[in-house]
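Accompanying notes for the structure given below.
Per chain, numbering begins at 1; letters A, B, ... match sequence-line order. Given the structure is predicted, the values throughout are model-derived calculations rather than measurements.
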Amino acid sequence: MPSAGKTPDAGVEGTQAAAGAPEETGTLAVEATGIHKWFGTAHVLDDVSLKVASGEVVVLIGPSGSGKTTLLRCLNHLERIDRGRLLINGHLIGYRENARGELREDNEAEIARQRREIGFVFQHFNLFPHLTAEQNIALAPVRVRKVPRAQALDEARRLLARVGLDDKRGSYPSQLSGGQRQRVAIARALAMRPRLMLFDEPTSALDPEMVGEVLAVMRELASDGMTMVVASHEMGFARGVADRVVMMDAGQIIEAGPPAQVLDSPAHERTQAFLSKVLH
Amino acid sequence: MTFDWSFFAHLLFHPPGSFVQGAIRTIYLAVIAQALGVALGLLLALWRRSRLLPLRVLAGGYIWLVRGTPLLVQAVIIYDGSSALGLYSFGTLSVGPVSVPGVVQAGIVTLALNEGAYMAEIMRAAINSVDKGQAEAAESLGMRRRQAMRHVVLPQAMRVVIPPLGNEFNNMLKVTSLLSVIGLQELFLAAQDYNSATFRTFEIFLVTAIYYIVMTTAWSLVQAAIERRLQARGGDLVATVPLRQRLFSGGTSGAGPAIGAEQLRGAR
(Lines give C-alpha, C1' and ligand atoms only; values in the text may rest on other atoms or scores of the structure.)
Protein backbone atom coordinates (compact mmCIF):
# COMPACT_ATOMS: atom_id res chain seq x y z
CA MET A 1 0.00 0.00 0.00
CA PRO A 2 1.52 3.29 -1.00
CA SER A 3 2.22 5.61 1.83
CA ALA A 4 4.81 8.26 2.26
CA GLY A 5 6.49 10.46 4.74
CA LYS A 6 7.50 10.21 8.31
CA THR A 7 5.56 13.06 9.86
CA PRO A 8 2.18 12.01 11.22
CA ASP A 9 0.18 14.19 8.88
CA ALA A 10 2.08 12.91 5.85
CA GLY A 11 1.29 9.40 6.97
CA VAL A 12 -2.39 10.17 6.96
CA GLU A 13 -2.13 11.68 3.50
CA GLY A 14 -0.37 8.56 2.31
CA THR A 15 -3.14 6.33 3.54
CA GLN A 16 -5.69 8.39 1.75
CA ALA A 17 -3.60 8.29 -1.37
CA ALA A 18 -3.82 4.53 -1.36
CA ALA A 19 -7.46 4.81 -2.30
CA GLY A 20 -6.48 6.41 -5.57
CA ALA A 21 -3.65 3.98 -6.25
CA PRO A 22 -4.13 1.08 -8.64
CA GLU A 23 -5.61 -2.06 -7.11
CA GLU A 24 -3.40 -4.70 -8.75
CA THR A 25 -0.19 -3.65 -7.07
CA GLY A 26 1.75 -6.91 -6.80
CA THR A 27 5.27 -6.01 -5.71
CA LEU A 28 5.98 -2.39 -5.14
CA ALA A 29 8.09 -0.64 -7.78
CA VAL A 30 9.77 1.45 -5.10
CA GLU A 31 9.92 0.79 -1.40
CA ALA A 32 12.20 3.22 0.38
CA THR A 33 12.37 3.11 4.16
CA GLY A 34 14.22 5.61 6.31
CA ILE A 35 16.70 6.75 3.65
CA HIS A 36 19.47 9.06 4.81
CA LYS A 37 22.10 10.67 2.64
CA TRP A 38 24.81 13.15 3.49
CA PHE A 39 27.03 15.17 1.18
CA GLY A 40 29.81 15.99 3.59
CA THR A 41 27.95 17.63 6.45
CA ALA A 42 24.86 18.49 4.41
CA HIS A 43 22.02 16.16 5.31
CA VAL A 44 20.41 15.98 1.87
CA LEU A 45 18.02 13.11 2.54
CA ASP A 46 16.69 12.97 6.07
CA ASP A 47 14.69 9.84 6.86
CA VAL A 48 12.84 9.60 3.57
CA SER A 49 10.29 6.83 3.14
CA LEU A 50 8.36 6.38 -0.07
CA LYS A 51 6.35 3.59 -1.62
CA VAL A 52 5.39 3.57 -5.27
CA ALA A 53 3.03 0.93 -6.56
CA SER A 54 3.52 -0.56 -9.95
CA GLY A 55 1.66 1.53 -12.54
CA GLU A 56 1.59 4.56 -10.30
CA VAL A 57 2.78 8.04 -11.31
CA VAL A 58 4.36 10.03 -8.49
CA VAL A 59 5.43 13.62 -8.95
CA LEU A 60 8.03 15.03 -6.55
CA ILE A 61 7.76 18.75 -5.95
CA GLY A 62 9.67 21.09 -3.72
CA PRO A 63 12.20 23.92 -3.83
CA SER A 64 15.60 23.36 -5.39
CA GLY A 65 17.95 21.74 -2.95
CA SER A 66 15.08 19.93 -1.25
CA GLY A 67 16.49 16.53 -2.21
CA LYS A 68 14.30 15.54 -5.19
CA THR A 69 17.19 14.92 -7.55
CA THR A 70 19.24 13.12 -4.93
CA LEU A 71 16.32 10.86 -4.08
CA LEU A 72 15.85 9.97 -7.76
CA ARG A 73 19.56 9.32 -8.18
CA CYS A 74 19.51 7.02 -5.18
CA LEU A 75 16.66 5.05 -6.73
CA ASN A 76 18.97 3.70 -9.43
CA HIS A 77 22.08 3.85 -7.28
CA LEU A 78 23.76 6.74 -9.09
CA GLU A 79 24.18 7.88 -5.48
CA ARG A 80 24.80 5.62 -2.53
CA ILE A 81 22.51 5.82 0.43
CA ASP A 82 24.10 6.22 3.85
CA ARG A 83 21.34 4.66 5.87
CA GLY A 84 17.98 3.05 5.25
CA ARG A 85 16.59 0.35 3.05
CA LEU A 86 15.71 0.70 -0.60
CA LEU A 87 13.90 -1.92 -2.65
CA ILE A 88 13.25 -1.53 -6.37
CA ASN A 89 10.86 -4.02 -7.94
CA GLY A 90 11.11 -6.01 -4.74
CA HIS A 91 14.91 -6.23 -4.66
CA LEU A 92 17.48 -4.31 -2.69
CA ILE A 93 19.27 -1.98 -5.09
CA GLY A 94 22.99 -1.42 -4.89
CA TYR A 95 23.31 -3.46 -1.75
CA ARG A 96 23.27 -7.05 -0.68
CA GLU A 97 22.23 -8.26 2.71
CA ASN A 98 24.50 -10.69 4.48
CA ALA A 99 23.53 -13.33 7.03
CA ARG A 100 23.74 -10.86 9.89
CA GLY A 101 21.39 -8.47 8.16
CA GLU A 102 24.10 -5.96 7.30
CA LEU A 103 24.08 -4.20 3.96
CA ARG A 104 27.14 -4.35 1.74
CA GLU A 105 27.50 -2.55 -1.56
CA ASP A 106 26.75 -4.91 -4.41
CA ASN A 107 29.26 -5.71 -7.11
CA GLU A 108 29.26 -3.58 -10.22
CA ALA A 109 27.82 -6.23 -12.53
CA GLU A 110 24.80 -6.76 -10.30
CA ILE A 111 24.14 -3.04 -10.02
CA ALA A 112 24.35 -2.71 -13.81
CA ARG A 113 21.90 -5.62 -14.19
CA GLN A 114 19.39 -3.97 -11.87
CA ARG A 115 19.65 -0.66 -13.69
CA ARG A 116 18.36 -2.24 -16.90
CA GLU A 117 14.93 -2.27 -15.31
CA ILE A 118 15.06 1.40 -14.39
CA GLY A 119 14.96 4.13 -17.00
CA PHE A 120 16.46 7.49 -16.07
CA VAL A 121 15.83 10.76 -17.87
CA PHE A 122 18.24 13.56 -17.04
CA GLN A 123 17.58 17.26 -16.79
CA HIS A 124 20.34 17.95 -19.33
CA PHE A 125 19.43 14.96 -21.56
CA ASN A 126 22.97 13.51 -21.57
CA LEU A 127 22.57 12.19 -25.09
CA PHE A 128 25.71 10.73 -26.63
CA PRO A 129 26.87 13.49 -28.98
CA HIS A 130 28.98 11.19 -31.16
CA LEU A 131 26.00 9.02 -32.08
CA THR A 132 22.89 9.70 -34.16
CA ALA A 133 19.44 9.62 -32.57
CA GLU A 134 18.83 6.01 -33.55
CA GLN A 135 22.33 4.96 -32.49
CA ASN A 136 21.79 6.65 -29.13
CA ILE A 137 18.72 4.50 -28.64
CA ALA A 138 20.18 1.26 -29.99
CA LEU A 139 23.52 1.37 -28.12
CA ALA A 140 22.41 -0.12 -24.82
CA PRO A 141 20.13 -2.80 -26.32
CA VAL A 142 23.05 -3.96 -28.50
CA ARG A 143 25.74 -3.80 -25.82
CA VAL A 144 23.73 -4.77 -22.76
CA ARG A 145 20.77 -6.84 -23.93
CA LYS A 146 22.80 -8.29 -26.83
CA VAL A 147 20.04 -7.59 -29.32
CA PRO A 148 21.28 -7.97 -32.93
CA ARG A 149 22.20 -4.59 -34.34
CA ALA A 150 19.65 -4.52 -37.17
CA GLN A 151 16.86 -5.46 -34.82
CA ALA A 152 17.92 -2.85 -32.26
CA LEU A 153 17.93 -0.15 -34.94
CA ASP A 154 14.47 -1.27 -36.07
CA GLU A 155 13.23 -0.94 -32.55
CA ALA A 156 14.96 2.43 -32.22
CA ARG A 157 13.02 3.69 -35.22
CA ARG A 158 9.75 2.47 -33.73
CA LEU A 159 10.56 4.25 -30.49
CA LEU A 160 11.45 7.42 -32.38
CA ALA A 161 8.09 7.24 -34.13
CA ARG A 162 6.44 6.84 -30.76
CA VAL A 163 7.97 10.11 -29.53
CA GLY A 164 7.15 11.79 -32.85
CA LEU A 165 10.67 11.94 -34.27
CA ASP A 166 10.71 9.31 -37.02
CA ASP A 167 12.27 11.80 -39.41
CA LYS A 168 15.20 12.52 -37.09
CA ARG A 169 16.77 9.09 -36.81
CA GLY A 170 19.96 10.10 -38.61
CA SER A 171 20.36 13.40 -36.78
CA TYR A 172 23.08 14.01 -34.24
CA PRO A 173 22.03 15.54 -30.91
CA SER A 174 23.63 18.84 -31.91
CA GLN A 175 21.18 19.04 -34.79
CA LEU A 176 18.14 18.67 -32.55
CA SER A 177 16.25 21.19 -30.45
CA GLY A 178 16.12 20.78 -26.68
CA GLY A 179 12.65 19.29 -26.77
CA GLN A 180 13.66 16.84 -29.47
CA ARG A 181 16.76 15.83 -27.53
CA GLN A 182 14.73 15.11 -24.44
CA ARG A 183 12.29 13.02 -26.44
CA VAL A 184 15.19 11.01 -27.88
CA ALA A 185 16.49 10.59 -24.33
CA ILE A 186 13.13 9.21 -23.23
CA ALA A 187 13.11 6.82 -26.20
CA ARG A 188 16.65 5.76 -25.29
CA ALA A 189 15.56 4.89 -21.76
CA LEU A 190 12.50 3.02 -23.04
CA ALA A 191 14.66 0.91 -25.35
CA MET A 192 15.84 -1.09 -22.34
CA ARG A 193 12.17 -1.89 -21.60
CA PRO A 194 12.30 -0.64 -18.03
CA ARG A 195 9.60 -1.37 -15.49
CA LEU A 196 10.16 1.95 -13.78
CA MET A 197 10.98 5.35 -15.26
CA LEU A 198 12.64 8.12 -13.28
CA PHE A 199 12.56 11.70 -14.59
CA ASP A 200 14.83 14.32 -13.07
CA GLU A 201 13.28 17.68 -13.94
CA PRO A 202 12.99 16.68 -17.59
CA THR A 203 11.68 20.04 -18.77
CA SER A 204 13.69 22.42 -16.59
CA ALA A 205 16.44 22.93 -19.17
CA LEU A 206 14.02 23.56 -22.02
CA ASP A 207 12.79 26.73 -23.63
CA PRO A 208 9.15 27.25 -22.63
CA GLU A 209 7.75 26.47 -26.07
CA MET A 210 9.33 23.01 -25.98
CA VAL A 211 8.01 21.91 -22.61
CA GLY A 212 4.68 20.81 -24.05
CA GLU A 213 6.05 18.25 -26.51
CA VAL A 214 8.04 16.49 -23.78
CA LEU A 215 5.16 16.47 -21.32
CA ALA A 216 2.90 15.05 -24.04
CA VAL A 217 5.24 12.08 -24.44
CA MET A 218 5.33 11.58 -20.69
CA ARG A 219 1.54 11.80 -20.51
CA GLU A 220 1.19 9.10 -23.09
CA LEU A 221 3.70 6.95 -21.26
CA ALA A 222 1.69 7.34 -18.07
CA SER A 223 -1.53 6.41 -19.81
CA ASP A 224 0.18 3.27 -21.09
CA GLY A 225 0.58 2.26 -17.47
CA MET A 226 4.29 2.97 -16.96
CA THR A 227 5.40 3.37 -13.37
CA MET A 228 6.93 6.82 -13.11
CA VAL A 229 8.61 8.97 -10.50
CA VAL A 230 9.00 12.51 -11.77
CA ALA A 231 10.73 15.46 -10.18
CA SER A 232 9.09 18.47 -11.77
CA HIS A 233 7.97 22.03 -11.36
CA GLU A 234 5.20 21.51 -13.93
CA MET A 235 2.15 21.78 -11.72
CA GLY A 236 -0.20 21.29 -14.67
CA PHE A 237 1.41 17.95 -15.38
CA ALA A 238 1.28 16.99 -11.71
CA ARG A 239 -2.39 17.85 -11.54
CA GLY A 240 -3.34 16.05 -14.72
CA VAL A 241 -1.16 12.95 -14.61
CA ALA A 242 0.05 12.22 -11.10
CA ASP A 243 -1.64 9.69 -8.90
CA ARG A 244 0.19 11.22 -6.03
CA VAL A 245 2.16 14.38 -5.39
CA VAL A 246 5.00 14.26 -2.89
CA MET A 247 6.26 17.52 -1.44
CA MET A 248 9.88 17.61 -0.30
CA ASP A 249 11.68 20.24 1.68
CA ALA A 250 15.10 20.23 3.35
CA GLY A 251 15.64 16.55 2.60
CA GLN A 252 12.33 15.39 4.03
CA ILE A 253 8.97 14.42 2.63
CA ILE A 254 6.66 16.84 4.38
CA GLU A 255 3.42 16.07 2.63
CA ALA A 256 2.00 13.57 0.13
CA GLY A 257 -1.36 12.82 -1.37
CA PRO A 258 -3.53 13.09 -4.47
CA PRO A 259 -2.74 16.18 -6.53
CA ALA A 260 -6.05 17.89 -5.84
CA GLN A 261 -5.40 17.67 -2.13
CA VAL A 262 -1.69 18.62 -2.03
CA LEU A 263 -1.91 21.31 -4.69
CA ASP A 264 -5.25 22.86 -3.77
CA SER A 265 -5.44 22.51 -0.03
CA PRO A 266 -1.95 21.79 1.25
CA ALA A 267 -1.79 20.93 4.91
CA HIS A 268 1.74 22.07 5.47
CA GLU A 269 2.59 25.75 5.48
CA ARG A 270 5.87 25.15 3.68
CA THR A 271 3.90 23.51 0.88
CA GLN A 272 1.61 26.54 0.75
CA ALA A 273 4.59 28.85 0.59
CA PHE A 274 6.23 26.82 -2.16
CA LEU A 275 3.07 26.58 -4.23
CA SER A 276 2.33 30.27 -3.98
CA LYS A 277 5.77 30.88 -5.46
CA VAL A 278 5.59 28.44 -8.37
CA LEU A 279 1.96 29.06 -9.28
CA HIS A 280 2.36 32.82 -9.64
CA MET B 1 84.87 29.36 -45.76
CA THR B 2 82.04 30.85 -47.77
CA PHE B 3 78.65 29.32 -48.35
CA ASP B 4 79.02 26.76 -51.13
CA TRP B 5 75.83 27.07 -53.20
CA SER B 6 76.57 24.28 -55.57
CA PHE B 7 77.43 21.89 -52.73
CA PHE B 8 74.22 22.91 -50.96
CA ALA B 9 72.03 22.53 -54.03
CA HIS B 10 73.55 19.22 -54.95
CA LEU B 11 73.08 17.83 -51.45
CA LEU B 12 69.52 19.11 -51.30
CA PHE B 13 68.40 17.60 -54.60
CA HIS B 14 70.77 14.67 -54.96
CA PRO B 15 71.34 13.46 -51.41
CA PRO B 16 73.61 10.49 -50.84
CA GLY B 17 71.95 7.16 -50.06
CA SER B 18 72.78 7.43 -46.36
CA PHE B 19 70.70 10.63 -46.15
CA VAL B 20 67.69 9.07 -47.83
CA GLN B 21 67.89 5.97 -45.68
CA GLY B 22 68.26 8.09 -42.57
CA ALA B 23 65.17 10.10 -43.45
CA ILE B 24 63.14 6.95 -44.12
CA ARG B 25 64.29 5.51 -40.83
CA THR B 26 63.32 8.70 -39.01
CA ILE B 27 59.81 8.39 -40.40
CA TYR B 28 59.22 4.78 -39.55
CA LEU B 29 60.79 5.13 -36.10
CA ALA B 30 58.42 8.00 -35.39
CA VAL B 31 55.34 6.23 -36.74
CA ILE B 32 55.92 2.98 -34.85
CA ALA B 33 56.99 4.67 -31.61
CA GLN B 34 54.00 7.02 -31.72
CA ALA B 35 51.56 4.17 -32.28
CA LEU B 36 53.02 2.21 -29.38
CA GLY B 37 53.12 5.35 -27.28
CA VAL B 38 49.41 5.97 -27.87
CA ALA B 39 48.56 2.42 -26.82
CA LEU B 40 50.75 2.66 -23.71
CA GLY B 41 49.35 6.11 -22.93
CA LEU B 42 45.78 4.85 -23.08
CA LEU B 43 46.63 1.95 -20.80
CA LEU B 44 48.37 4.23 -18.30
CA ALA B 45 45.53 6.76 -18.36
CA LEU B 46 43.02 4.01 -17.59
CA TRP B 47 45.26 2.62 -14.84
CA ARG B 48 45.48 6.06 -13.28
CA ARG B 49 41.70 6.06 -13.03
CA SER B 50 41.49 2.48 -11.82
CA ARG B 51 39.80 1.62 -8.57
CA LEU B 52 42.80 -0.55 -7.69
CA LEU B 53 45.39 1.42 -5.78
CA PRO B 54 48.43 -0.57 -7.02
CA LEU B 55 47.57 0.20 -10.64
CA ARG B 56 47.14 3.88 -9.87
CA VAL B 57 50.46 4.00 -8.03
CA LEU B 58 52.23 2.06 -10.77
CA ALA B 59 50.96 4.33 -13.54
CA GLY B 60 51.56 7.49 -11.54
CA GLY B 61 55.09 6.41 -10.61
CA TYR B 62 55.92 5.49 -14.18
CA ILE B 63 54.74 8.82 -15.54
CA TRP B 64 56.63 10.68 -12.83
CA LEU B 65 59.88 8.83 -13.59
CA VAL B 66 59.71 9.10 -17.35
CA ARG B 67 58.68 12.73 -17.47
CA GLY B 68 61.27 13.61 -14.88
CA THR B 69 64.29 12.30 -16.77
CA PRO B 70 65.79 13.31 -20.13
CA LEU B 71 65.07 11.16 -23.16
CA LEU B 72 68.78 11.15 -23.90
CA VAL B 73 69.52 9.51 -20.56
CA GLN B 74 66.69 7.03 -21.03
CA ALA B 75 68.04 6.00 -24.42
CA VAL B 76 71.52 5.38 -23.07
CA ILE B 77 70.20 3.41 -20.09
CA ILE B 78 67.94 1.27 -22.23
CA TYR B 79 70.45 0.49 -24.97
CA ASP B 80 73.94 0.74 -23.50
CA GLY B 81 73.16 0.53 -19.79
CA SER B 82 71.05 -2.61 -19.88
CA SER B 83 73.61 -4.31 -22.06
CA ALA B 84 76.54 -3.25 -19.86
CA LEU B 85 74.79 -4.63 -16.80
CA GLY B 86 74.02 -7.84 -18.67
CA LEU B 87 70.31 -7.25 -18.23
CA TYR B 88 69.37 -7.35 -21.87
CA SER B 89 71.21 -6.87 -25.12
CA PHE B 90 69.31 -5.74 -28.18
CA GLY B 91 70.43 -8.05 -31.01
CA THR B 92 69.37 -8.11 -34.62
CA LEU B 93 65.89 -9.48 -35.02
CA SER B 94 64.95 -11.15 -38.28
CA VAL B 95 61.37 -11.64 -39.31
CA GLY B 96 61.30 -13.21 -42.76
CA PRO B 97 63.08 -10.91 -45.19
CA VAL B 98 63.11 -7.99 -42.73
CA SER B 99 65.91 -7.73 -40.23
CA VAL B 100 65.78 -5.09 -37.54
CA PRO B 101 69.09 -4.07 -35.96
CA GLY B 102 69.23 -4.07 -32.18
CA VAL B 103 69.84 -0.36 -31.99
CA VAL B 104 66.64 0.30 -33.96
CA GLN B 105 64.66 -1.86 -31.57
CA ALA B 106 66.16 -0.03 -28.62
CA GLY B 107 65.34 3.29 -30.29
CA ILE B 108 61.71 2.34 -30.82
CA VAL B 109 61.38 1.01 -27.27
CA THR B 110 62.90 4.18 -25.81
CA LEU B 111 60.71 6.54 -27.80
CA ALA B 112 57.55 4.50 -27.15
CA LEU B 113 58.16 4.22 -23.40
CA ASN B 114 58.88 7.94 -23.25
CA GLU B 115 55.92 8.94 -25.40
CA GLY B 116 53.56 6.73 -23.41
CA ALA B 117 54.03 8.88 -20.33
CA TYR B 118 53.17 12.07 -22.21
CA MET B 119 50.25 10.50 -24.06
CA ALA B 120 48.90 9.25 -20.73
CA GLU B 121 48.57 12.83 -19.53
CA ILE B 122 46.91 13.90 -22.78
CA MET B 123 44.48 10.97 -22.62
CA ARG B 124 43.70 11.71 -19.00
CA ALA B 125 42.85 15.31 -19.78
CA ALA B 126 40.75 14.18 -22.74
CA ILE B 127 38.83 11.63 -20.69
CA ASN B 128 38.23 14.21 -17.98
CA SER B 129 36.96 16.65 -20.58
CA VAL B 130 34.01 14.35 -21.31
CA ASP B 131 31.06 15.40 -19.16
CA LYS B 132 30.43 13.12 -16.20
CA GLY B 133 26.79 12.88 -17.27
CA GLN B 134 27.88 10.81 -20.25
CA ALA B 135 29.14 7.92 -18.16
CA GLU B 136 26.15 8.29 -15.85
CA ALA B 137 23.74 8.09 -18.77
CA ALA B 138 25.49 4.97 -20.05
CA GLU B 139 25.45 3.36 -16.61
CA SER B 140 21.82 4.27 -16.06
CA LEU B 141 21.08 2.17 -19.16
CA GLY B 142 22.67 -0.84 -17.50
CA MET B 143 26.12 -0.60 -19.06
CA ARG B 144 29.10 -1.67 -17.00
CA ARG B 145 31.69 0.97 -16.20
CA ARG B 146 34.05 -0.61 -18.70
CA GLN B 147 31.41 -0.57 -21.43
CA ALA B 148 30.54 3.04 -20.70
CA MET B 149 34.23 3.93 -21.01
CA ARG B 150 34.67 2.03 -24.26
CA HIS B 151 31.49 2.93 -26.11
CA VAL B 152 30.62 6.35 -24.73
CA VAL B 153 33.50 8.15 -23.05
CA LEU B 154 36.53 7.09 -25.11
CA PRO B 155 35.04 7.81 -28.55
CA GLN B 156 34.37 11.36 -27.37
CA ALA B 157 37.75 11.66 -25.68
CA MET B 158 39.56 10.52 -28.83
CA ARG B 159 38.22 13.45 -30.78
CA VAL B 160 39.73 15.74 -28.22
CA VAL B 161 43.01 13.84 -28.41
CA ILE B 162 43.54 14.28 -32.16
CA PRO B 163 44.95 17.84 -32.13
CA PRO B 164 47.48 17.30 -29.32
CA LEU B 165 48.32 13.92 -30.82
CA GLY B 166 49.31 15.69 -34.01
CA ASN B 167 51.50 17.94 -31.96
CA GLU B 168 53.14 14.97 -30.30
CA PHE B 169 53.87 13.31 -33.62
CA ASN B 170 55.42 16.48 -34.99
CA ASN B 171 57.68 16.48 -31.95
CA MET B 172 58.38 12.79 -32.35
CA LEU B 173 59.69 13.28 -35.89
CA LYS B 174 62.30 15.70 -34.57
CA VAL B 175 63.10 13.93 -31.32
CA THR B 176 64.26 10.80 -33.18
CA SER B 177 67.46 12.77 -33.79
CA LEU B 178 68.39 12.28 -30.13
CA LEU B 179 68.82 8.58 -30.80
CA SER B 180 71.99 9.41 -32.69
CA VAL B 181 73.58 9.24 -29.25
CA ILE B 182 73.19 5.46 -29.18
CA GLY B 183 74.43 5.24 -32.76
CA LEU B 184 71.12 4.88 -34.53
CA GLN B 185 71.61 5.85 -38.16
CA GLU B 186 68.68 8.16 -38.60
CA LEU B 187 68.75 11.45 -40.52
CA PHE B 188 70.76 13.44 -38.00
CA LEU B 189 73.51 10.86 -37.53
CA ALA B 190 73.69 10.37 -41.29
CA ALA B 191 74.29 14.10 -41.59
CA GLN B 192 76.93 14.05 -38.89
CA ASP B 193 78.78 11.23 -40.61
CA TYR B 194 78.64 13.06 -43.90
CA ASN B 195 79.91 16.18 -42.18
CA SER B 196 82.95 14.47 -40.73
CA ALA B 197 83.91 13.43 -44.24
CA THR B 198 83.38 16.80 -45.95
CA PHE B 199 83.39 19.53 -43.23
CA ARG B 200 80.74 21.58 -45.07
CA THR B 201 78.95 21.84 -41.73
CA PHE B 202 76.63 24.76 -42.42
CA GLU B 203 75.40 23.49 -45.78
CA ILE B 204 74.91 19.94 -44.51
CA PHE B 205 72.88 20.85 -41.45
CA LEU B 206 70.87 23.42 -43.37
CA VAL B 207 69.86 20.65 -45.75
CA THR B 208 69.12 18.42 -42.75
CA ALA B 209 66.87 21.11 -41.27
CA ILE B 210 65.07 21.43 -44.59
CA TYR B 211 64.45 17.69 -44.63
CA TYR B 212 62.93 17.82 -41.17
CA ILE B 213 60.73 20.75 -42.05
CA VAL B 214 59.49 18.98 -45.18
CA MET B 215 58.52 15.98 -43.03
CA THR B 216 56.76 18.00 -40.34
CA THR B 217 54.98 20.14 -42.92
CA ALA B 218 53.76 17.09 -44.77
CA TRP B 219 52.47 15.76 -41.47
CA SER B 220 50.65 18.97 -40.60
CA LEU B 221 48.80 18.69 -43.94
CA VAL B 222 47.82 15.12 -43.12
CA GLN B 223 46.66 16.18 -39.68
CA ALA B 224 44.53 18.99 -41.07
CA ALA B 225 42.89 16.51 -43.42
CA ILE B 226 42.14 14.13 -40.53
CA GLU B 227 40.57 16.90 -38.48
CA ARG B 228 38.47 18.04 -41.42
CA ARG B 229 37.16 14.53 -41.89
CA LEU B 230 36.28 14.19 -38.21
CA GLN B 231 34.31 17.39 -38.37
CA ALA B 232 32.51 16.34 -41.51
CA ARG B 233 31.22 13.23 -39.78
CA GLY B 234 28.63 15.09 -37.77
CA GLY B 235 30.90 15.66 -34.84
CA ASP B 236 31.34 19.33 -34.25
CA LEU B 237 33.03 18.54 -30.98
CA VAL B 238 36.55 19.23 -32.10
CA ALA B 239 35.92 22.30 -34.12
CA THR B 240 34.24 24.76 -31.86
CA VAL B 241 36.42 25.09 -28.80
CA PRO B 242 40.12 25.93 -28.89
CA LEU B 243 42.36 23.07 -27.92
CA ARG B 244 43.81 24.70 -24.86
CA GLN B 245 40.38 25.45 -23.50
CA ARG B 246 39.10 22.00 -24.35
CA LEU B 247 41.89 20.25 -22.53
CA PHE B 248 42.56 22.48 -19.61
CA SER B 249 39.46 24.47 -18.79
CA GLY B 250 37.85 23.85 -15.47
CA GLY B 251 41.02 23.94 -13.46
CA THR B 252 43.80 21.59 -12.59
CA SER B 253 42.19 18.75 -10.70
CA GLY B 254 40.91 15.66 -12.39
CA ALA B 255 37.46 16.42 -11.12
CA GLY B 256 35.88 16.74 -14.52
CA PRO B 257 36.41 20.06 -16.21
CA ALA B 258 32.95 20.92 -17.25
CA ILE B 259 32.98 20.85 -20.99
CA GLY B 260 30.60 18.10 -21.84
CA ALA B 261 29.37 18.03 -25.35
CA GLU B 262 25.96 19.22 -24.36
CA GLN B 263 27.46 22.26 -22.75
CA LEU B 264 29.58 22.98 -25.78
CA ARG B 265 26.41 22.95 -27.77
CA GLY B 266 24.60 25.12 -25.27
CA ALA B 267 27.29 27.73 -25.46
CA ARG B 268 26.70 28.43 -29.11
Side-chain angles (χ1 to χ4, degrees), chain A residues 72-73 75-79 107-133 135-146 170-178 181-182 185 188-194 197-198 200 205 207, chain B residues 46 49-52 126-127 129-162 226-227 229-241 246 255-256 258-268:
Chain A
L72 282 174
R73 288 169 61 85
L75 294 184
N76 74 343
H77 202 63
L78 281 177
E79 301 287 351
N107 63 46
E108 197 226 328
E110 181 55 25
I111 294 169
R113 205 190 55 71
Q114 285 181 303
R115 283 189 182 131
R116 298 181 197 182
E117 315 250 287
I118 310 166
F120 199 101
V121 175
F122 297 83
Q123 182 178 356
H124 294 287
F125 332 125
N126 296 4
L127 287 180
F128 308 133
H130 61 300
L131 300 178
T132 61
Q135 289 168 341
N136 260 278
I137 298 168
L139 180 67
V142 169
R143 298 297 169 188
V144 179
R145 274 176 39 214
K146 310 294 179 197
S171 301
Y172 286 90
S174 59
Q175 299 164 324
L176 300 173
S177 72
R181 287 185 210 174
Q182 194 59 299
R188 178 177 69 175
L190 291 176
M192 289 303 288
R193 299 183 183 160
M197 285 283 285
L198 308 174
D200 181 15
D207 291 335
Chain B
L46 293 176
R49 304 172 52 90
S50 167
R51 308 214 307 158
L52 303 174
I127 290 170
S129 80
V130 177
D131 184 51
K132 241 180 62 188
Q134 291 291 308
E136 280 186 353
E139 287 176 31
S140 80
L141 291 163
M143 291 172 85
R144 305 277 303 268
R145 265 196 296 273
R146 178 184 291 262
Q147 290 177 308
M149 180 57 77
R150 169 148 150 56
H151 299 295
V152 174
V153 176
L154 282 183
Q156 295 178 55
M158 285 311 133
R159 295 187 172 200
V160 183
V161 159
I162 296 291
I226 293 173
E227 286 183 26
R229 264 192 65 181
L230 267 180
Q231 277 171 46
R233 275 195 298 160
D236 49 1
L237 279 173
V238 175
T240 46
V241 179
R246 232 179 299 135
I259 36 165
E262 300 288 352
Q263 283 151 302
L264 284 185
R265 232 50 90 354
R268 291 201 298 162

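Between the side chain of Gln114(A) and the backbone N or O of Gly142(B), no donor-acceptor pair lies under 3.5 Å. A distance-only check finds no donor-acceptor pair linking the side chain of Asn76(A) to the backbone of Ser140(B) [under 3.5 Å].
Among all heavy-atom pairs drawn from Phe128(A) and Ala137(B), the shortest one is CE2-CB, 4.0 Å. Of all heavy-atom pairs spanning Ala140(A) and Leu141(B), the tightest one is CB-CB, 3.7 Å. In this structure, Arg115(A) and Glu139(B) approach most closely via the heavy-atom pair CD-O, 3.0 Å.
Within the 4.5 angstrom heavy-atom criterion, only side-chain atoms of Leu139(A), from C-beta onward, approach chain B. Contact annotation for Gln147(B): only side-chain heavy atoms (C-beta onward) come within less than 4.5 Å of a heavy atom of chain A. Heavy atoms closer than 4.5 Å to chain B are found in the side chain of Arg73(A), but not in its backbone.
Residues passing the salt bridge (Lys or Arg N to Asp or Glu O under 4.0 Å) test with Arg146(B): none are found, sequence neighbours excluded.
Between the CZ atom of Arg143(A) and the CZ atom of Arg144(B) there is a distance of 15.0 Å, given to the nearest 0.5 Å.
Remark: Arg145(A) CZ is packed, more than 12 non-hydrogen atoms of other residues, nucleotides or ligands lying under 6.0 Å away.
Most heavy-atom pairs under 4.5 Å with chain B, from the set Arg116(A), Met192(A), Glu108(A), His77(A): that is Glu108(A).
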